[in-house]
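Lettering follows sequence order; numbering is per chain, from 1. No hydrogens, no waters, no symmetry mates; every other heavy atom, side chains included, goes into these values.
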Protein chains: 2
Amino acid sequence: MNVKFNNRDPVYVQVIRLFKEQIARGYFEPGQEIPSRRELANQLKINPNTAQRAYKEMEEQGLVFTEGNMPSRITKDEAVLKRVREELIVEAVENFIGSIKTINVPLSEVLELVKEKYDTESGEEEGSE
Amino acid sequence: MNVKFNNRDPVYVQVIRLFKEQIARGYFEPGQEIPSRRELANQLKINPNTAQRAYKEMEEQGLVFTEGNMPSRITKDEAVLKRVREELIVEAVENFIGSIKTINVPLSEVLELVKEKYDTESGEEEGSE
DNA sequence: AAAGGTGTATTAAGTATATAATACACCTCG
DNA sequence: CGAGGTGTATTATATACTTAATACACCTTT
């Protein structure tokens, strides 16, 4: 796994974000197993306790669930999964609007910029490391 | 002054951001005096040391300068001020594109959302707390 | 000269995050 | 049965950020 963490946000928050993005992209099936805390920690090169904290919060948010001592799973509630995607989109849009309003830029101007930039970096993954 | 800080980012980072936004909006004249560390701390209800840290970083970035023991001032270099605005815009655009790409949303779809939301909250301030 | 406002610097304490090292109960698998 | 993998919990240490309390040199104003 090839994940880059920034040093601004807590790692466990970034891990949650990572799972939400994958959910939004339809990467997970409802009820699908996710890596154990220890395995995730190994994959992401983080501490098992940090992985545990991320999973615990995701459980509180209803994104994953755990039965007995079985591996945790993505929720089977498809409405929840769908809502994750919508929330991420709304969040992105609101952040963007908030930013350009505080800077006081005409909307048409930035929309042009968005279209240009979007096509420029048309792909998004090119992980070679 | 009515500034709301979040608890995610360091306060001194948010203070820098605040100044950059005001610069981007043309709020400051080149060479204009800015509040002293103690006064800013008083206005924003933060610690003078935190204000000092923000000012120090802004000096390192060339945004403000200090002569002798006079009050610090916004740089007189208009090119620098102009660049601040451009950088904030580019940053907003890139963040936005990055977000919607990781979520895998068609561009046309979110652009519609942006237009709708932008008009909805046509004003921007409604702080009551 | 004295007072007070600049910027600047230092030291200490508190909180949140991350890591580390364990520990334990539970269940499955061999 | 026993080993090993689950989730879960506890305790300790390190670091970054924030606040706090001072301190000092410099300059202007009175």
Side-chain angles (χ1 to χ4, degrees), chain A residues 1-20 28-77, chain B residues 1-20 28-77:
Chain A
M1 246 188 211
N2 207 354
V3 187
K4 33 185 175 183
F5 293 114
N6 65 56
N7 351 349
R8 304 180 271 298
D9 305 311
V11 174
Y12 77 94
V13 171
Q14 298 182 60
V15 172
I16 296 173
R17 170 83 193 183
L18 182 67
F19 272 85
K20 285 189 175 177
F28 290 115
E29 296 296 322
Q32 179 177 338
E33 273 192 15
I34 55 179
S36 76
R37 277 77 168 158
R38 294 170 176 85
E39 188 184 339
L40 182 75
N42 208 43
Q43 288 178 359
L44 301 184
K45 309 281 196 295
I46 61 177
N47 193 278
N49 298 315
T50 306
Q52 157 65 1
R53 180 157 185 187
Y55 276 21
K56 188 179 178 185
E57 284 228 6
M58 286 194 284
E59 272 199 83
E60 287 167 358
Q61 293 178 26
L63 300 181
V64 306
F65 69 98
T66 309
E67 284 173 341
N69 56 341
M70 306 278 287
S72 299
R73 297 173 172 275
I74 297 291
T75 179
K76 292 174 180 168
D77 188 337
Chain B
M1 244 189 210
N2 208 354
V3 187
K4 34 188 173 181
F5 293 114
N6 65 56
N7 350 347
R8 302 179 272 299
D9 305 311
V11 174
Y12 77 94
V13 171
Q14 298 182 62
V15 171
I16 296 174
R17 170 82 193 184
L18 182 66
F19 272 85
K20 284 189 176 178
F28 290 115
E29 297 295 322
Q32 179 177 338
E33 272 191 15
I34 55 180
S36 75
R37 277 77 166 157
R38 293 169 178 85
E39 187 183 340
L40 182 76
N42 208 43
Q43 288 177 0
L44 301 185
K45 309 281 196 296
I46 61 176
N47 193 278
N49 298 316
T50 306
Q52 157 65 2
R53 180 155 186 187
Y55 275 23
K56 189 178 178 186
E57 284 228 7
M58 286 194 284
E59 273 199 81
E60 287 167 358
Q61 294 178 25
L63 300 180
V64 307
F65 69 98
T66 310
E67 283 173 342
N69 56 341
M70 307 278 287
S72 299
R73 298 172 172 275
I74 297 291
T75 180
K76 292 173 179 167
D77 188 338

Item to check | Shortest side-chain distance from Arg53(A), nucleotide among dT19(C), dC17(D), dT17(C) | outcome: dT17(C)
Item to check | Rounded distance in Å - CG (Asn49(B)) to C1' (dA13(C)) | outcome: 13 Å
Checklist outcome for this item: Among dA9(C), dT17(C), dT19(D), the one nearest any side-chain atom of Pro10(A) is dT17(C)
Item to check | CD (Glu39(B)) with more than 12 external heavy atoms under 6.0 Å | outcome: yes
Item to check | For atom CD of Glu39(A) and atom P of dG4(D), their distance in whole Å | outcome: 18 Å
Next on the checklist: Between Thr50(B) and dT19(D), is there a contact of a side-chain N or O with OP1 or OP2 at under 4.0 Å?
Outcome noted: yes
Checklist entry - Are Val15(A) and Leu40(A) side-chain neighbours, meaning at least one heavy-atom pair lies under 4.5 Å? => result yes
Checklist entry - Rounded to the Å, how far apart are Asn42(B) CG and dT6(C) C1'? => result 16 Å
Item to check | Ser36(B) side chain near dG5(C) phosphate (N/O to OP1/OP2, under 4.0 Å) | outcome: no
Next on the checklist: Could you tell me how far apart Lys45(A) (NZ) and dA20(C) (P) are, to the nearest whole angstrom?
Outcome noted: 13 Å
Checklist entry - By side-chain hydrogen bond (donor to acceptor under 3.5 Å, both in side chains), which residues pair with Arg53(A), not counting sequence neighbours? => result Tyr12(A)
Item to check | Heavy-atom closest pair, residues Pro35(A) and Gln43(A) | outcome: CG-OE1, 4.2 Å
Checklist entry - In whole Å, what is the span from the CD atom of Glu33(A) to the P atom of dG5(D)? => result 15 Å
Item to check | Value in whole Å for how far the C1' atom of dT19(C) lies from CD of Gln52(A) | outcome: 15 Å
Checklist entry - Quick one: which of dT17(C), dC17(D), dT8(D) gets closest to the side chain of Tyr12(A)? => result dT17(C)
Next on the checklist: Check this one for me: any side-chain N or O of Arg37(A) less than 4.0 Å away from OP1 or OP2 of dT8(D)?
Outcome noted: yes
Next on the checklist: Is the ring pair Tyr55(A)/Phe19(A) parallel, tilted or perpendicular, if the boundaries are 30 and 60 degrees?
Outcome noted: perpendicular
Between side-chain atoms of residues 63-70 of chain B and protein atoms elsewhere (two or more places apart, or another chain), which donor-acceptor pairs fall under 3.5 Å?
| unit_1 | atom_1 | unit_2 | atom_2 | d |
| --- | --- | --- | --- | --- |
| Thr66(B) | OG1 | Glu59(B) | OE1 | 3.4 |
| Thr66(B) | OG1 | Glu59(B) | OE2 | 3.1 |
| Thr66(B) | OG1 | Ser72(B) | OG | 2.7 |

Item to check | Quiz item: Arg38(A) side-chain donor-acceptor pair to dG7(D) base, under 3.5 Å | outcome: yes
Checklist entry - For residues 55-71 of chain B, which residues have at least one heavy atom under 4.0 Å from DNA chain D? => result Asn69(B)
Next on the checklist: Taking donor-acceptor contacts at under 3.5 Å, does the side chain of Asn47(B) reach the base of dA21(D)?
Outcome noted: no
Next on the checklist: Output the rounded distance in Å from CD1 (Ile46(A)) to P (dT17(C)).
Outcome noted: 15 Å
Checklist entry - When you check the side-chain N and O atoms of Gln61(B) and Lys20(B), is any donor under 3.5 Å from an acceptor? => result yes
